[in-house]
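First up is the structure itself, then whatever we jot down about it.
Counting convention: from 1, in listed order, for ligands and their atoms alike.
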Amino acid sequence: MQVLFVGGAQGVGASCVAIEIAQRWIVVDGGVRVDRKSDPLPDLALLQDKAVQAIFVTHAHADHIGALPLLHQAFPLAPIFTSRATSLLMEVMLADAVKIMARRAVEEMELPLYPEHLISAMLMRVRTLPVGEDFHIGELPGVKIHASRAGHIAGAVSLGFEADNESIVVSGDISITPQRTVLGAVAPPVKRPDLLVLESTYGARLHPNRQAEELRLAQAVVEGLARGGPVLIPSFGLGRGQEIILILRAAQEKGQVPPFPIYVDGLVRRVCSTYMLLPEALPPQLQRQIRNGYAPFTGGEINFVRDERDRERIIAGPPACIVTSSGMLTGGPSAWYAARIAGRPEASIFITGYQDEEAPGRRLLDLAEKKASTLEVGGVTVTVNCQVAKYSLSAHADGSELAAYASSMQPKQVALVHGDDESRAALRTLLTNTSIILPANGELIEVRARGAVKARVAPQPVSVIPALPIGLHPEIPFTIDELETLWEVIRTQPDMRMVTARELAQVWYGMDPGEEQLKTVLQVLQEDWDQRYFVRQHALDEAFRVRGQALEDPGDVLQDLVGKVLLLHITRESSKPVLCRSVESGGWLRVTLPRGIRLERTRFPLSYIVEVLGPFEDTEAYSGQTPPQALMELIKAGRRVLRDISAYSLARACEEDATYTLGDLCALAGLAGQSLPERLAIAKLIDNHPQLFIQRYSVMDNEGLALYALSPDWKEALQIPEKRELPNQHEILLTIERAIGSPPQLYRRSVNPETGDVVLSFHFPAIAEQEYGDALNQAAEEAGVEISISPNAHQGALSTMARLALNEVGFEVRGAPSFYFEYQQMMVRAIVPSELREQKDDLLKQAQAWFEQRTGWTLSAELVVESPPLPITPSVVPEPAPTSGARTNMMNQTGVLNLAQVTLGSLPHCYKVGVDHTARTILVRFHFPEVAVQRYAEKIRQLELVTGWKVVIHPQVHQGALDDLARHIVAAYQGAVSKVSLFPTSKQVQAVLTTPMGKEQIARAQQQFLEESGWALTILAVNG
Ligand SMILES: [Zn+2]
Ligand SMILES: [Zn+2]
């Protein structure tokens, strides 16, 4: 047996060991050094002439996985084995690494170590190994492998390899003391291994009592907060951060310290979410909590930080504790916070982990001792005035624990790695009855089995690692019809509670699916709105829970609800779409309600769920809106869909004894694709017709999948004619009256007798929208109709207001005003008494502000100063009449939005106008942006001039509109279309005809389509 220490032998970082066993080479770990002083990579050139058969990974810290993409590049065929938890955590950690590399590339001109695609190629090779049992792999015949829990962090393993006459154990990073997120290490059951490769991070240390240290930290946080400032705890994103959150939470729950808010930011936050996906790697108590739907890392006093605005708010707000990465203040949110609070004497920074020599965290500790002054952190130099302290919460075993771990195995030799000289030297003195090597990086050692070839007693039967079937049907394109086949295969795999889209692509297409194939898989999974087979996970992109897997339990279903839009009975009478934010202990949901729904509560019991509508991220049409706004829009869109569906026809389309998912019913109702509005419409339709449909299984009964059937009396119910009664206009108007009363500004109410939709005309629509918008939304919900405000202001009322405004400051209006509806602006001529000549501009500003506040319009005035009563003046030179120059500055956000809505919102194919007031930008969406940009360039320019704001057109073409336009135009030339397909890369739309068209008509239709959309239209005849 040979062992080559490729990296990480003499210190922490870039761990990588190559082993030749049973005449084959394998590699354990491929990490990077994070201190950035020296070469970050292990010397992979040492492996050049080795035919590496397989790669093993102990855990997902960067010093063990950061170089894996390059290792994969060197050995593209070698599979990578690791625990299930580590494989999921690797995705998160490497995505974070890519972000950091990209930032450094820009800010510090540092070359990234590898491109992003190499990471995804590497992840394609990852395969799951079982923890706690012996197994074989095909790549390493004759070698029994055992991965055992290493403590340290969730998913971490130690590895044992045993061949006929040689054996080796690689400890990886280990922790003997149980922690809150992982139990202590179990040594691999290899008796008297020829070599133990042992970590020695804290070989020279003796850890203080863990419990005492935890309590000391919690109490220090409370004292820090009592000083009136924030307490920052920089933490490693994976492992330490989660430990600290649970330590603080437990101290609060046990009453050891009073409750205080905890904010969780950065990588710590993302890893917390991922831990929810891997309960099997956590201690039994956490496992139980997660499986019962309780989220130990969120809820209660724990808050996740979303963006920089949150951060500003937190450090400016009441004292709070912040737990965030990076642990050494080398970057990430912790550096951001430290740069802002280190100068504040009432603030505290508590260091809890390993610090490199050069790290700002180490310097901070030095400062604390020497009372020196400045620290460079987050790109700035700050004078440190805050409290600094250190707490020892190591995830590594100390010297005596390492010695005990080693002696339990009785290894013939021990190689000490992953520690500095001092640690290794100290640990060496603690190990007895074995010979010790302190290898250098790059050193190759020959391990001879001393004594005779071991006579192995009857070998225990070992399981061969269950290989996922790879490449089931590479020749068949993957579609939604194949989803079940794929699921059947996956669900029989033990350990496959979670799968990634990448794994699914491998199972279907083969070992090396391309990006396109991966995309197809993701798309198909999205098309399955009912999520009958794989349930999308909120916490990790591309991760899916496998339905019906042996380990499925209620907690899984509960966690699946987070991030989804649910239809919920928010009161006895009313169900509304809401966004599920979290699931709390005791079976409660925390939700976001639609805008305009006023309720005191945001917490509801699980039993109030009517249906799971779909993931919220898919509400692309509403992007740029807050969740409450998007939910309100969803309600409106659902109502529009509902108008064209008949509950009776749907009931007739159903079969008597069958059960249906919501998705099935959408299809039966003739709704083409599925979307949130369509699913909402059908769910409401069913909810509104209990005489026709029943929910046979609720969401909670049936693993998150509600099932419907015809109600027992459906036939009788159908005898009563379907009430598609005309809306009761009087009722609707009463509802509006109840909502907003009868304001004098409201001068007309028009009700559409067919639909019941109402248009209200106010004197000043912009003001009315501000004042009554929410109440009207609510009334619309209640009445089940659309209520809109006519965008046109009332001319007479405007004139009156202008006159009042100017009279108020002593001016007098002359002649007829001019109205510029497009710009919501009016212009008058006003006479200024000569004694007001000096202050006339200020007075005008006053009048303008008064006017704008009441009307939402802007007022400009041509001022004419009255001639002073001079006795004789032969020629009076008239005062030049200045117009107000102040108006662009005065236009407020509402004014800009109104003006933009009037100017652009009414243009053909414009479907959304919004403003971003922080960027002073008007955001506009057109169905066909490219055409719009050209066609309306002049209007856009004018709008920018008048408002002083920038206009940005959203570049994405609206696919639904393309489809509509194609059908519309073809129909205009007497054709009929059966199918429309879009080809975005070539900007082409293809329409297949059911009724033939003449050549000339085709040409004209194509021309028109091109002009209107900027896309080419291909028209295919029915039979080719
Ligand atoms: Zn580690
Ligand atoms: Zn390590």
Has His59 got an N/O/S atom less than 2.8 Å from the Zn ion (ligand 1)? yes
Distance-only donor-acceptor check, side chains His64 and Asp173, under 3.5 Å: yes
Pair Glu213-Arg216, salt bridge (charged side-chain N to carboxylate O under 4.0 Å, His left out): steps then yes or no: CA-CA 5 Å; Glu213 197 69 1; Arg216 208 164 72 82; 3.0 Å; yes
If every non-hydrogen atom of Ile119 is compared with every non-hydrogen atom of Pro69, which pair is closest and at what distance? CG1-CG, 3.9 Å
Closer than 2.8 Å to the Zn ion (ligand 1), do we get an N, O or S atom from His396, backbone or side chain? no
Where the Zn ion (ligand 2) is the corner point, what angle links NE2 of His418 with OD2 of Asp63, to 10°? 90°
Proximal heteroatom of His61 relative to the Zn ion (ligand 1) (N/O/S): ND1
Before giving the answer on side-chain contact (heavy atoms from CB on, under 4.5 Å), spell out for Val170 and Ile19 the whole-Å C-alpha distance, their side-chain angles and the decisive distance to 0.1 Å. CA-CA 10 Å; Val170 181; Ile19 300 163; 3.9 Å; yes
Return yes if a side-chain donor-acceptor contact under 3.5 Å exists between His152 and His61, otherwise no. yes
Within rounding of 10°, what is the angle whose vertex is the Zn ion (ligand 2) and whose arms end at OD2 of Asp173 and NE2 of His64? 90°
